[in-house]
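Some notes on the structure that comes next.
It should be emphasised that the depicted structure is a prediction, and the values quoted were computed from it without experimental measurement. Computed from heavy atoms alone, side chains included, the values below leave out hydrogens, waters and symmetry copies.
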Amino acid sequence: LFVSASRPPSADSLVSAEGKSVSDMSLQEMSVYFKSRGSTYNFDIQGNEVTKKFVQGVKADYKCLETYLSNQKQIGCPLIATGGDKDLIASTNDIHAWERHQK
């Protein structure tokens, strides 16, 4: 299993500084949240069709990340975790924390 720039299941949930889940954010709140984490994506606040579809996918992905509860402490296959030292969402500590999930 390869994971890249991903937080492990044992990591704290992904929420804004205000404690709001990404999947519950408005388009404008998402824009602020991701820009504060280094995103260069230009959210169209008016919400054209492409942006609406993109945001639906992002919200669905984050809903999975926010609500997933692992029923296993460890993963039963080899695991390689990679990430960048300047990533503002998955820190190097998060990447190293994957070690706890490998048998």
Please name the pair of heavy atoms, one in [X] and one in [Y], separated by the smallest distance, quoted to 0.1 Å.
| X | Y | value |
| --- | --- | --- |
| Ser23 | Lys63 | OG-CD, 3.5 Å |
| Lys59 | Met30 | CE-SD, 3.6 Å |
| Trp98 | Leu79 | O-CD2, 3.5 Å |
| Gly84 | Thr92 | O-CG2, 4.3 Å |
| Lys20 | Met25 | O-CE, 3.6 Å |

With distance as the sole test, does Gln102 use its side chain to make a donor-acceptor pair with the main-chain N or O of Glu99 at under 3.5 Å?
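Answer holds: no.
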Under 3.5 Å, side chain of Glu66 to main-chain N/O of Val22, donor-acceptor pair present?
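Looks like yes, one N/O pair under 3.5 Å.
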Please find out if less than 6.0 Å separates the ring center of Phe54 from that of Phe34.
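No; Phe34 has its ring centre 6.0 Å or more from that of Phe54.
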Would you mind listing the cluster partners of Ile95? Hydrophobic ones only (ILVMFWY), side-chain contacts under 4.5 Å, chaining allowed.
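None; Ile95 is a cluster of one.
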Side chain proximity check, Ile75 to His101, heavy atoms < 4.5 angstrom
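Side-chain contact under 4.5 Å: yes.
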Below 4.5 Å, heavy atoms only, C-beta onward: do Asp24 and Ser21 meet side chain to side chain?
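The answer is yes; the side chains approach within 4.5 Å.
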Going by the rule side chain to side chain donor-acceptor pair (under 3.5 Å), which residues pair with Ser6 if we only count those two or more places apart in sequence or in a different chain?
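Once residues adjacent in sequence are excluded, Ser6 has no partner under the side chain to side chain donor-acceptor pair (under 3.5 Å) criterion.
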Any residue meeting side chain to side chain donor-acceptor pair (under 3.5 Å) with Ser36, in chain and number order, not counting sequence neighbours
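With sequence neighbours excluded, Ser36 shows a side chain to side chain donor-acceptor pair (under 3.5 Å) to no residue whatsoever.
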side-chain contact (heavy atoms from CB on, under 4.5 Å) with Thr82: which residues, sequence neighbours excluded?
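With sequence neighbours excluded, Thr82 shows a side-chain contact (heavy atoms from CB on, under 4.5 Å) to Ser4, Ile80, given in chain and number order.
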Please identify each residue that fulfils side-chain contact (heavy atoms from CB on, under 4.5 Å) with Val32, with sequence neighbours left out.
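Result, side-chain contact (heavy atoms from CB on, under 4.5 Å) vs Val32: none returned.
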Does atom NZ of Lys35 have more than 12 heavy-atom neighbours, drawn from other residues, nucleotides or ligands, at distances under 6.0 Å?
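Buried by this count: over 12 neighbours within 6.0 Å.
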Keeping to residues at least two apart or across chains, list the salt bridge (charged side-chain N to carboxylate O under 4.0 Å, His left out) pairs with something in residues 83-94.
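Every salt bridge (charged side-chain N to carboxylate O under 4.0 Å, His left out) pair that includes a residue of residues 83-94, provided the two are not neighbours, is Arg7-Asp94.
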Is any side-chain N of the basic residue among Glu49 and Lys52 closer than 4.0 Å to the acidic one's carboxylate O?
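Looking at Glu49 and Lys52, the cut-off is met.
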